There are 2 protein chains.
Amino acid sequence: MPPRQNRPTINQVAAAAGVTKSSVSRAFTRPEMLSEETVRKIFAAAEELGYVPNHTARALSTGRHGNIALIVPDVANPFFPPLIRAAQAEADRSDYCVFLGNSDENPKQEDKLIGRFGGQVEGFVLVSSRLSDAQIIEHAGRAPLVLINRDVPGIPRVLIDSATGVAQAVAHLAELGHRKLVYVGGPHGSWSNKQRRSAVRRAARKLGLEVVVISNEFPAFEFGRKVTPSVLATGATAAIAFDDLTAQGMLAELAEQGVAVPDDFSVVGCDDVLGAATFPALTTVSNRSVEAGRAALNLLMDMLQNQAIRDVRYVLDTSLVIRKTTGPAESALQ
Amino acid sequence: MPPRQNRPTINQVAAAAGVTKSSVSRAFTRPEMLSEETVRKIFAAAEELGYVPNHTARALSTGRHGNIALIVPDVANPFFPPLIRAAQAEADRSDYCVFLGNSDENPKQEDKLIGRFGGQVEGFVLVSSRLSDAQIIEHAGRAPLVLINRDVPGIPRVLIDSATGVAQAVAHLAELGHRKLVYVGGPHGSWSNKQRRSAVRRAARKLGLEVVVISNEFPAFEFGRKVTPSVLATGATAAIAFDDLTAQGMLAELAEQGVAVPDDFSVVGCDDVLGAATFPALTTVSNRSVEAGRAALNLLMDMLQNQAIRDVRYVLDTSLVIRKTTGPAESALQ
DNA sequence: GCTTGACATGCAACCGGTTGCATTAAATAG
DNA sequence: CTATTTAATGCAACCGGTTGCATGTCAAGC
């Protein structure tokens, strides 16, 4: 095993190049201050020794770490990975490293993570944060912070407006003749959930449909299955789920129970994370998480450059993607 | 906006508590060295001022950053998120922060990321690394490093042995009467791909089946669609895909072309990332990525404790999950 | 030929902690 | 009651860079 952990320091390079460490430091940060020859000499010595500036030491004296933190409720929820990837790529373009945190839908955990990261990051992106407004405002006061899918006035935020798509979904179901539908909700603290729920209610009221709301905490396939009997028990003929995973779980349970989709019952998902991979292919609301990740990172980078914090509210709207899980109400269960 | 960035330092706490900074430092790191009363005094002062130790400064003097880096080829590939989540949770238990890197299946990018992270992490986990053995060995010499799904002797590694499951898949197809099958490959540098390919070949030889191998670089739904015509052109009656995503793409394209699965053609995936969500539900090889993530992190934590590096080769084996995309060859296309 | 700048480099303090050793006070031993 | 431990705390160097200011050099300006 080769020797480990003894990277050369600025002092060794300085000695090798016959200059002081100030010059070495400048050669790497502001070479225009030095004569070309000195810079050349220093680079040669650095190369020779395999010198790489120590990130930590630099961060300590400059206060700039070149790191940001991205916190999501659940990495394994397919909504997030594309967003994470987009954010990551964007950070990379500015030579930033990304800490990833998984809050497990838990405000305590989220707070703990922010504390752990704080002090080694220049800024935060909180996705679908489960923290209270007050907590978010407090953290935003300590470090640049951008929200995704959380609407706190004064804090820069990127919102995927699923309300537009959800309203279209309700209209679509109304057109198909459905009169009563269930909204199968998501996590309590979720802004997206509130937004979707109220969009369903609003659209339904306008169109004269009846709505029943059923809640749950951890959006996932399994929950979709468990909740299905209560959904059917309402006597509704269609359901709009908080997300595709929940919808998928419902689809599986409906199939199990011999309820045909869309003939007997219509299902609409949200976020289009499964594409056309379910059977029947899921009617759902489109998702713009990649753009959201990118936009949030740009916003954050912007804040890090000119530390003026503008009250940005960047909204991405969505639309209904009609596939095969919605059909006429005539034939549906009554 | 509240004042930003002026966190109290150890000196201010020291002044407030009427002690020196050494004592404050010790109160947080080795309180047993101090009298109970002093510790109490210091904690009170720290609490009062809202003091939090500066991670960066601490890392600089101790060399321990409390960070690790996890690098994957593609965050958005559904194989990885559960693994990431498991690794994350495990890191969390030891109060470690996780940098996430996305190499885009690109060795250059992977190398760049390792460089960027190096110096602020104590160790690396490389998942399905696309680097050369030599590069991996070099990096492993500089910092503790654990591999997942990459088999380099001398480097601690966790391997998901899909060979067992793949062999079962071939046997299953043989039993169904198939005589010729296609292996639809994955990325060139991928250990898993090599392993699966040779497992297919070996099992096929043993059972007297004919195998055609078709390759691709970026495993994904789209590729699965694109490759399907060439797969059909071989005249084979079944295919085993490098991963579920590729298989899913094939399923979509087969449906499009009116080829019935499993009546006309059988498809087997690998990694079971989609569960039963495809239609028909995909026959695939089980996946143990959660355990792999957990195991890799435990290994790494172990290496960080007692820096002895043992040559660990931890193998998790897999099995075939039979669902609905495989059927008898009799009725298949000829 | 002496002053004035501009430019290149060095000096030393600083970022915010940690830690080996020295110092002091209190406790125990002889 | 003095000698010796032992426990608690302080001192100062160190981790590896960055940066404001001082210094020195050389060329142009008058």
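Just so it is clear, the values below take in all heavy atoms, side chains as well, and ignore hydrogens, waters and symmetry mates. Model, not experiment: these values are computed from the prediction.
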Any side-chain N or O of A/Ser35 under 4.0 Å from OP1/OP2 of C/dT9? yes

Length of the CZ-C1' vector between A/Arg30 and C/dC7, whole Å: 14 Å

Just checking A/Thr29: base, sugar-phosphate only, or nothing, at a heavy-atom cut-off of under 4.0 Å? sugar-phosphate

Contact under 4.0 Å: B/Ser23 side-chain N or O vs D/dG10 OP1/OP2: yes

On DNA chain C, does the nearest nucleotide to B/Leu60 precede the nearest nucleotide to A/Val39 from the 5' side, or the other way round? Give the residue. A/Val39

Would you tell me if any nitrogen or oxygen in the side chain of B/Thr38 comes within less than 4.0 Å of OP1 or OP2 on D/dT9? yes

Whole-Å distance, A/His65 NE2 to D/dG16 P, equals 17 Å

Check the phosphate of D/dG10 against B/Thr20, side-chain N and O only, distance under 4.0 Å to OP1 or OP2. Yes or no? yes

I want to check one thing: is the phosphate of D/dT18, taken as OP1 and OP2, less than 4.0 Å away from some side-chain N or O of A/Ser25? yes

Salt-bridge test for A/Arg64 and A/Glu122: reply yes if a basic N is under 4.0 Å from a carboxylate O, no otherwise. no

Measure the distance from CZ on A/Phe28 to P on D/dT19 and round it to the nearest whole Å. 15 Å

Under 4.0 Å between a side-chain nitrogen and a carboxylate oxygen: does that hold for A/Glu37 and A/Lys41? no

Salt bridge present between B/Asp311 and B/Arg157 (N-O < 4.0 angstrom): yes

Roughly, in whole Å, what's the span from CZ in B/Arg64 to P in D/dG16? 14 Å

What about A/Ser22: does its side chain form a donor-acceptor pair under 3.5 Å with the base of D/dT19? yes

Check this for me, if you would: do B/Arg294 and B/Glu291 make a salt bridge, where the nitrogen-to-carboxylate-oxygen distance has to be below 4.0 angstrom? no

Atom CG of A/Asn11 and atom C1' of C/dA12: how far apart are they, to the nearest Å? 13 Å

Separation of A/Arg26 atom CZ from C/dT9 atom P, in whole Å? 10 Å

Given atom CZ of A/Arg58 and atom P of D/dG17, what is their separation to the nearest angstrom? 8 Å

Taking B/His65 for the side chain and B/Gly119 for the main chain, is one N or O donor matched with an acceptor at less than 3.5 Å? yes

Any base atoms under 4.0 Å from A/Val19, or only sugar-phosphate, or nothing? Heavy atoms, all strands. sugar-phosphate

To the nearest angstrom, how far is B/Met33 atom CE from D/dG10 atom C1'? 11 Å

